[in-house]
Novice: 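Just passing along the structure, written as structure tokens.
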2 protein chains.
Amino acid sequence: MVTVTAGRVPFPAGHPPTPATVHSVWADNQEHDPRGERTPRPEGTRRRATIHDVAQLAGVSRQTVSRAVNDKGEIDPATKERVLEVARLLEYRPSRFARGLVRKGAVTAGLVIPDLMNPFFPEVAAGVLEAAEERGWQVVVWDSRTDENRELQALDKFSHQADAVVGYFKNPDDVLARHLGGVPTVVLERGPHQTRFGAVGIDAAAGVEQGVAHLVRAGHRRIGMLDGDRSDAPGPRREAFLAAVRQHGLAVDRSWVVPSPEHSVAGGEAAMAQLFDARPELTAVFGFNDLIAVGAMRAAARRGLRVPDDLAVLGFDGLSLGELVEPALSTLHIDKRRLGRLAVEQVARLSAGQEPLTGADAWVIPELVVRASA
Amino acid sequence: MVTVTAGRVPFPAGHPPTPATVHSVWADNQEHDPRGERTPRPEGTRRRATIHDVAQLAGVSRQTVSRAVNDKGEIDPATKERVLEVARLLEYRPSRFARGLVRKGAVTAGLVIPDLMNPFFPEVAAGVLEAAEERGWQVVVWDSRTDENRELQALDKFSHQADAVVGYFKNPDDVLARHLGGVPTVVLERGPHQTRFGAVGIDAAAGVEQGVAHLVRAGHRRIGMLDGDRSDAPGPRREAFLAAVRQHGLAVDRSWVVPSPEHSVAGGEAAMAQLFDARPELTAVFGFNDLIAVGAMRAAARRGLRVPDDLAVLGFDGLSLGELVEPALSTLHIDKRRLGRLAVEQVARLSAGQEPLTGADAWVIPELVVRASA
DNA sequence: AACGTTCACGTGAACGTTCACGACCCCCGC
DNA sequence: GCGGGGGTCGTGAACGTTCACGTGAACGTT
């Protein structure tokens with residue numbers, strides 16, 4: 001702990017200030033008051049104090065100031081205290097740029113999240129944060145709101161400000177590549193052969209197969225699906241669903257799957273209403289994710305149908321929210337935190353030039369959790 | 001679009017490479033290397049190419065390279081293309097440190113969140129992100145997991161790497177101040193007179209009063225409270241609760257409030273069980289937040305009590321999750337996104353030397369949302 | 001033919017910090 | 001009296017960019 005003589009800049013004998021000191025600094029800085037409170041300053045735009053200012057006012061060299069603020073050895077305790085006091089007076093804070101320039105190793109990663117309101121993503125973000133922290137990285141977060149243009153804005157930033165990027169993207173590879181000039185990148189939820197970047201994700205097919213098998217096992221043969229909002233590409237979950245129902249010999253085709261306008265409860269509710277109209281005979285429905293599945297449950301309730309007796313509902317994600325609804329949601333649980341961790345591990349390998357994770361190491365397999373809804 | 005001759009470095013006539021070019025680059029990277037890397041190439045850890053390397057290999061000056069990569073004018077298209085090609089070849093990416101050193105204005109803010117799994121915080125984070133983005137700031141996120149030590153770790157990082165800090169903290173002011181050497185800081189959820197930093201938050205008292213009044217209006221006179229985990233300080237919500245019940249003349253004292261071990265459904269469930277034992281006669285309960293309130297509902301269901309007939313439950317936060325449970329949760333809704341926005345506005349004022357927001361501008365007032373549970 | 005203009009490009013100098021040295025002082029031992 | 005050594009402190013020189021200039025050459029214009 002350092003005790004300080006407040007309000008006074010100490011100049012012990014033997015270290016007289018050079019004639020230039022005080023004056024030149026104040027000349028730069030205007031009046032005397034460091035914080036200046038309300039008055040004459042050009043509205044809070046004072047030049048930030050540098051290590052040089054501190055050195056000059058304290059009557060020492062830059063190096064000594066550096067020694068003081070980084071508390072290294074080779075400095076007299078009295079000097080250190082004095083320097084620190086001056087630093088406080090001037091509100092000196094070392095420039096992270098200058099510092100980063102000379103000592104390398106500070107890594108910052110960019111994380112692009114489609115929707116912070118969807119509980120799925122904060123959890124993978126938590127995984128990313130964990131793993132990044134263990135590596136000493138810092139991560140800056142960007143909410144793209146599932147907007148292609150905002151994704152590109154993010155990349156335009158990150159290509160300048162980040163050493164690595166992970167995230168969810170709707171844009172195709174080539175567009176992405178054009179906006180992130182060479183930064184190592186890992187895209188989530190895109191098959192390893194569907195991307196030129198690093199990739200991790202969930203094994204959608206494995207999950208969907210388990211889900212459909214479970215429903216069939218329970219006697220369902222007329223199963224619908226509420227897909228995500230992928231208006232363009234069909235998406236692996238839908239593909240896997242269609243493959244699975246075909247494999248089980250069900251009389252279900254693509255007219256049994258309707259896309260949800262958005263990845264939310266409201267979206268799922270709307271899509272379910274639509275599906276009810278199209279296929280009133282269905283007895284079970286598979287949701288693209290838990291939010292949509294919950295929406296399906298609400299739509300069923302609105303029609304006076306009972307879950308799971310009149311309609312079995314199966315989700316995908318394993319949000320803890322699923323345990324709270326009535327009845328509790330059966331779902332394919334994903335280890336979202338692990339997913340996030342994998343993403344940073346993958347991008348770390350990429351930027352280190354190591355060979356990427358593949359197969360089961362990069363693709364987490366959903367686990368069927370049977371609760372009340374199916 | 002730029003078409004490139006892959007695998008070959010083009011040297012158009014009139015721009016012959018100086019004899020030094022290719023060779024000197026490798027010479028720089030190995031022999032002459034001042035850093036003296038002992039191993040010839042420690043597996044993908046080659047020194048990152050600088051603007052100088054690109055300039056040399058392309059046979060132009062640094063400035064021209066700069067012009068090319070930042071696509072400014074004053075450059076011949078052919079030269080630009082050639083430089084870009086070399087840059088790609090060398091995997092050149094400008095150093096954000098060197099760049100930040102010379103052009104100021106890149107602000108990064110640190111955000112400390114206690115628990116990403118609690119849906120409350122992602123939403124205020126979304127607000128922070130929004131407002132930061134509008135200012136051109138980038139924000140790096142840290143999950144403190146409600147751990148005092150981790151809070152300090154965050155500050156130790158941010159004091160070096162960030163220009164501003166906002167977040168939730170359990171640590172007292174003086175401890176915080178010691179770890180964030182002079183960085184402008186805004187703490188959330190701490191009264192303006194309880195902190196020396198900037199502060200924004202919610203007007204807990206106003207919220208609690210509305211809630212208690214609502215319960216009393218519905219005829220309840222034996223009201224309990226499930227507090228947060230503040231083992232040390234009582235916390236403003238509890239204080240406000242006790243004041244409100246006293247004002248309404250209820251025979252309720254501090255034995256009617258039990259702290260939840262954690263801010264979660266499970267915590268609320270446990271706390272509610274405890275409260276049932278202590279005060280079996282209660283007819284209504286006020287939750288510290290929605291998660292805890294939902295826990296109370298589950299505890300009630302487990303005892304065969306019906307909500308709201310046997311036990312009215314009131315939450316605090318207004319999570320969208322509250323609409324999903326059965327019965328839907330009555331709560332005091334908080335504009336969490338606005339809260340986040342206010343935080344960055346406040347810290348922006350702080351770092352600009354402007355006077356901070358106060359009163360109704362800095363303290364968002366909860367709004368009573370009556371649903372089924374109370 | 002002399003002169004201005006534009007275009008394409010290069011040259012120090014800054015930005016703020018740390019690192020590798022070297023200088024100085026004081027005290028000790030012989 | 002001299003060498004040596006530990007403790008303090010200062011001095012260029014990096015680090016990788018951008019900025020404000022300066023320099024030619026090519027091309028008109030009068």
Side-chain angles (χ1 to χ4, degrees), chain A residues 12-16 18 21 25 28 47-56 58-83 87 90-106 160-161 163 181, chain B residues 12 14-16 18 20 25 28-29 32-37 47-56 58-83 87 90-106 160-161 163 181:
Chain A
H15 286 98
T18 72
T21 51
V25 167
D28 271 4
R47 199 194 89 218
R48 241 176 74 172
T50 78
I51 201 176
H52 205 82
D53 300 329
V54 177
Q56 218 162 348
V60 296
S61 72
R62 303 163 315 198
Q63 180 63 10
T64 300
V65 176
S66 178
R67 282 191 263 254
V69 303
N70 302 350
D71 58 38
K72 296 184 174 174
E74 301 202 353
I75 186 175
D76 185 57
T79 316
K80 178 172 174 178
E81 182 181 334
R82 180 162 48 95
V83 168
L90 258 35
E91 293 183 352
Y92 166 71
R93 277 177 299 128
S95 150
R96 68 171 179 284
F97 294 118
R99 184 174 273 178
L101 191 55
V102 52
R103 9 193 227 218
K104 348 285 225 180
H160 290 336
Q161 316 261 11
D163 308 296
Chain B
H15 284 97
T18 70
V25 166
D28 267 7
N29 284 357
H32 172 252
D33 186 353
R35 203 151 227 116
E37 320 203 355
R47 200 194 88 214
R48 248 176 68 172
T50 79
I51 200 176
H52 203 84
D53 300 330
V54 178
Q56 218 163 349
V60 297
S61 72
R62 301 162 316 193
Q63 180 62 9
T64 301
V65 176
S66 178
R67 282 191 262 255
V69 304
N70 301 349
D71 58 37
K72 298 186 173 173
E74 301 201 350
I75 186 175
D76 185 58
T79 316
K80 178 172 173 178
E81 182 180 336
R82 180 164 46 96
V83 168
L90 258 35
E91 294 183 354
Y92 166 71
R93 276 178 299 129
S95 151
R96 69 172 177 283
F97 294 118
R99 184 173 274 178
L101 191 55
V102 52
R103 6 194 229 220
K104 351 286 233 177
H160 291 337
Q161 316 261 13
D163 307 296

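All values derive from a computational prediction rather than experimental measurement.
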Novice: Any sub-3.5 Å donor-acceptor pair from Arg48(B)'s side-chain atoms to Tyr92(B)'s backbone N or O?
Specialist: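 Absent.
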
Novice: Looking only at the side chain of Arg62(B) (C-beta and beyond, no hydrogens), which of the listed nucleotides dG12(C), dC9(C), dC19(C) gets closest?
Specialist: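 Out of dG12(C), dC9(C), dC19(C), the nucleotide with an atom closest to Arg62(B)'s side chain is dG12(C).
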
Novice: Out of curiosity, Glu81(B) CD to Ile75(B) CD1, how far, rounded to the nearest 0.5 Å?
Specialist: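 The distance works out to 11.0 Å.
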
Novice: Give the rounded distance in Å between these two atoms: CG of Asp76(B) and C1' of dG10(C).
Specialist: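 For the pair Asp76(B) CG and dG10(C) C1', the rounded distance is 15 Å.
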
Novice: To the nearest Å, give me how far apart NE2 (His52(B)) and C1' (dT11(C)) are.
Specialist: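 Those two atoms, NE2 and C1', are 12 Å apart.
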
Novice: Between Thr79(A) and dC9(D), is there a contact of a side-chain N or O with OP1 or OP2 at under 4.0 Å?
Specialist: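 Answer yes for this pair, as a side-chain N or O of Thr79(A) is under 4.0 Å from OP1 or OP2.
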
Novice: Among dT17(D), dG10(C), dC9(C), which is the nearest nucleotide to the side chain of Ile75(B)?
Specialist: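 Output: dC9(C).
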
Novice: Can you measure from CG (Asp76(A)) to CZ (Arg82(A)) and round to the nearest 0.5 angstrom?
Specialist: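 It is 9.0 Å, given to the nearest 0.5 Å.
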
Novice: Looking only at the side chain of Ser66(B) (C-beta and beyond, no hydrogens), which of the listed nucleotides dT18(C), dT18(D), dT8(D) gets closest?
Specialist: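 The closest nucleotide is dT18(D).
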
Novice: Tell me, do Ser66(B) and Ile51(B) make a side-chain contact under 4.5 Å, heavy atoms counted?
Specialist: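 Ser66(B) vs Ile51(B): side chains touch.
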
Novice: Heavy atoms only, 4.0 Å cut-off, all strands: where does Lys72(A) land among base, sugar-phosphate and nothing?
Specialist: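 Result for Lys72(A) = sugar-phosphate.
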
Novice: Take atom NZ of Lys104(A) and atom C1' of dT18(C), then tell me their distance rounded to the nearest Å.
Specialist: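 Spelled out: NZ on Lys104(A) to C1' on dT18(C) is 11 Å.
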
Novice: Examine the base of dG16(D) for any acceptor or donor lying under 3.5 Å from a partner atom in the side chain of Arg48(B), and report the outcome as yes or no.
Specialist: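 It does not, because no donor-acceptor pair links the side chain of Arg48(B) to the base of dG16(D) below 3.5 Å.
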
Novice: Just by distance, do the side chain of Arg99(A) and the backbone of Pro94(A) share a donor-acceptor pair under 3.5 Å?
Specialist: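 No; zero donor-acceptor contacts below 3.5 Å.
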
Novice: Starting at CG of Asp53(A), measure out to CD of Glu91(A) and round the result to the nearest 0.5 Å.
Specialist: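 Interatomic distance, Asp53(A) CG to Glu91(A) CD, rounded to 0.5 Å: 12.5 Å.
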
Novice: Provide the full list of salt bridge (Lys or Arg N to Asp or Glu O under 4.0 Å) pairs with a residue in residues 59-75 of chain A, sequence neighbours left out, each pair given once.
Specialist: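 Salt bridge (Lys or Arg N to Asp or Glu O under 4.0 Å) check on residues 59-75 of chain A returns Arg67(A)-Glu74(A).
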
Novice: Tell me which nucleotide among dT18(C), dC19(D), dT17(D) gets nearest to the side chain of Thr50(B).
Specialist: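 For Thr50(B), the side-chain atoms sit closest to dT17(D).
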
Novice: Using heavy atoms and a sub-4.0 Å distance, could you list which residues of residues 93-101 of chain B are near DNA chain D? By number, please.
Specialist: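 Result for residues 93-101 of chain B: Arg93(B), Pro94(B), Ser95(B), Ala98(B), Arg99(B), Leu101(B), sorted by number.
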
Novice: When you measure from the side chain of Arg103(A), which nucleotide among dC9(C), dC19(C), dT18(D) comes out closest?
Specialist: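 When the side chain of Arg103(A) is considered, dC19(C) is the closest of dC9(C), dC19(C), dT18(D).
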
Novice: When rounded to the nearest 0.5 angstrom, what is the spacing between OG in Ser61(A) and CD in Gln56(A)?
Specialist: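 So the OG of Ser61(A) and the CD of Gln56(A) are separated by 12.0 Å.
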
Novice: Is the shortest side-chain heavy-atom distance between Lys80(B) and Thr64(B) below 4.5 Å?
Specialist: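 Of all side-chain heavy-atom pairs linking Thr64(B) with Lys80(B), none is under 4.5 Å.
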
Novice: Output the rounded distance in Å from CZ (Arg67(A)) to C1' (dA20(C)).
Specialist: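 Interatomic distance, CZ of Arg67(A) to C1' of dA20(C): 11 Å.
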
Novice: Among dC9(D), dT11(D), dA20(D), which is the nearest nucleotide to the side chain of Gln63(A)?
Specialist: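 My answer, after comparing the listed nucleotides, is dT11(D).
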
Novice: Given that both pair distances must be under 3.5 Å and the pair must be Watson-Crick or G-U, what runs of three or more consecutive pairs involve DNA chain D?
Specialist: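 Runs of three or more consecutive pairs: C:1-30 with D:1-30.
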
